[in-house]
Number of protein chains: 2
Amino acid sequence: MGRWQPNARGRLQRAALELYGERGFEQTTVAEIAQRAGLTERTFFRHFTDKREVLFANAEEFEGSFVRALVAAPEATPPIEAVAAAAEAGAGAIQSDRAQARRRQAVIAANAELQERELTKLARLTAALAGALRERGVPPATASLAAEAGVAVFKVAFERWIGEEGEEDLPRLVRQSLDELRALAAGAGAASPG
Amino acid sequence: MGRWQPNARGRLQRAALELYGERGFEQTTVAEIAQRAGLTERTFFRHFTDKREVLFANAEEFEGSFVRALVAAPEATPPIEAVAAAAEAGAGAIQSDRAQARRRQAVIAANAELQERELTKLARLTAALAGALRERGVPPATASLAAEAGVAVFKVAFERWIGEEGEEDLPRLVRQSLDELRALAAGAGAASPG
DNA sequence: ACGTTGATGACAGTTACTGACATGGGTCGC
DNA sequence: GCGACCCATGTCAGTAACTGTCATCAACGT
């Protein structure tokens, strides 16, 4: 048996999510998280750069599934289709447990600092997608716009998925949101006179 | 003569921008900013909720010019055109001094926490635009997508404007970026074989 | 055996941020 | 003009996030 209980990082993540959910992000101290995980405050900061980051540990993995799908798209695929494929892949990587996603999102929605961090993760994702598009020969500005569009489409689909009770197929919602964006860009959607 | 020097808030903003530029955001303490402004640390936190916010004091004003232009657009304007008009208006509100914008942006680009706060401001702007679109009868998801598209277009134009030496007309760059987004959504932009 | 490694603990220090109370010139009612 | 209040600022004490540094001690290789 090792000197310490295994999976310190995972225990910290679990303890943090629980406490943030129970009493809120601000009302939870890092010392409390560490105590519940059977560790010390100092060890928490060795695993996570700050108090928020513990909720975003798998962001890299998520970003990876997004980017891999984009890279895997055939060369001739138009940028908007390539990012759409990436968004669908990212959607597929998440949708296995909607309950977990809901809990996490509820915690984030309850605190401005956590929302701020989530925006940063999405910005990282956007930058990664834009970079991958540039690698394919897409001009920089076009690459940025396509990446932003793809992430926006994903966000809208994700909100619907979290919010609604019936629909469970996130990739399908992604495709649907993309179609709406296309219609929008084509000039559709004038407000009905009222 | 008043008991205190006038414009405490402005003095704090100026001192902060100077110090963040001179020695960096992290290397500057709030006590130093307050001292340069001839005030105390406690007074700084009465004017700004935190150390970052001092750089984003006019975000509301900026957001206002954006939203006002959207509200002012004729009822029949398609959503994408309405947000485009808003983005052009916001562009017009900024472009009076590119040098100032450059200084500010350099400070922000040098620090992750400041970038995080900027993302939050842009998210606020996006939400405000989406809200205004909904008021016009645009369905929620479409409103969100249109708002995201408008802000993305603005961001791309702004980056070009800050980066390049020649072009000075930010609204024109906004219109240009919008055209690129339109082409993108229509399926253009397949990578050239190579 | 023995030195090294690596995850953790212990502890002190800095600084962002908050709450509570004090101060004193401006201003308004009279 | 005089007193009562107002309110921006000062003062001071406290909390908690984060950091640097050194100690510990099982595991592992040689």
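As a basis for the values below, the full set of heavy atoms in this structure was taken, side chains included, without hydrogen atoms, waters or symmetry mates. Lettering of chains follows the sequences in order, A, B, ..., and the numbering in each one begins at 1. Please read these numbers as outputs of a predicted model, since none were measured by experiment.
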Electrostatic pair B:Glu81:B:Arg182 at N-O distance under 4.0 angstrom: yes

Value in whole Å for how far the P atom of D:dA17 lies from CG of A:Leu12: 14 Å

Might you list the N or O atoms of the protein lying below 3.5 Å from N or O atoms in nucleotides 3-6 of chain D, with each pair's distance?
none

Nearest-angstrom distance from the residue atom CD1 of B:Ile33 to C1' of C:dT15: 12 Å

Whole-Å distance separating the CZ atom of A:Arg9 from the P atom of C:dG6: 18 Å

A:Glu53 CD - D:dA17 P separation (whole Å): 16 Å

Whole-Å distance separating the CG atom of A:Asn7 from the P atom of C:dT8: 10 Å

Close residues, residues 19-32 of chain B, relative to DNA chain D [heavy-atom separation under 4.0 Å]: none

Residue list, side-chain hydrogen bond (donor to acceptor under 3.5 Å, both in side chains) with A:Arg98, at least two apart or on another chain: A:Glu168

A:Phe44 CZ to C:dA10 P, straight-line distance once rounded to whole Å: 18 Å

N/O donor-acceptor pair, side chain B:Arg3 with base D:dT9, under 3.5 angstrom: no

Results of salt bridge (Lys or Arg N to Asp or Glu O under 4.0 Å) for A:Arg103 - residues two or more places apart only: none

Which residues share a side-chain hydrogen bond (donor to acceptor under 3.5 Å, both in side chains) with A:Gln95, sequence neighbours left out: none

Under 3.5 Å, which donor-acceptor pairs do the side chains of residues 53-71 of chain B form with other protein atoms, sequence neighbours left out?
from	atom 1	to	atom 2	distance (Å)
B:Glu53	OE1	B:Arg117	NH1	2.6
B:Glu53	OE2	B:Lys121	NZ	2.6
B:Ser65	OG	B:Phe62	O	2.7

Polar atom pairs between nucleotides 10-12 of chain D and protein, under 3.5 Å, N or O only, would you list them?
from	atom 1	to	atom 2	distance (Å)
D:dG10	OP2	B:Thr40	N	3.0
D:dG10	OP2	B:Thr40	OG1	2.9
D:dG10	OP2	B:Thr43	OG1	2.6
D:dG10	N7	B:Arg46	NH1	3.3
D:dG10	O6	B:Arg46	NH2	2.6

Ionic contact status for B:Arg102 with B:Glu165, cut-off 4.0 Å: yes

Nearest-Å distance for atom pair CZ/P, residues B:Phe48 and D:dT9: 11 Å

Selection residues 14-40 of chain B - residue pairs positive for ring pair (Phe, Tyr, Trp, His ring centres under 6.0 Å), sequence neighbours left out: B:Tyr20-B:Phe25

d(CG, A:Asp50; C1', C:dT15) in whole Å: 16 Å

Contact under 4.0 Å: B:His47 side-chain N or O vs D:dT9 OP1/OP2: yes

Sequence neighbours excluded - salt bridge (charged side-chain N to carboxylate O under 4.0 Å, His left out) pairs with any residue from residues 23-32 of chain B: B:Arg23-B:Glu32

Residue list, side-chain hydrogen bond (donor to acceptor under 3.5 Å, both in side chains) with A:Arg134, at least two apart or on another chain: none

Salt bridge (charged side-chain N to carboxylate O under 4.0 Å, His left out) contacts touching residues 151-160 of chain A (sequence neighbours left out): A:Lys155-B:Glu148, A:Arg160-A:Glu180

Counting only pairs under 3.5 Å, give me each side-chain donor-acceptor contact of residues 37-47 of chain A, with atom names and distances, residues two or more places apart or in other chains.
from	atom 1	to	atom 2	distance (Å)
A:Thr40	OG1	A:Thr43	OG1	3.3

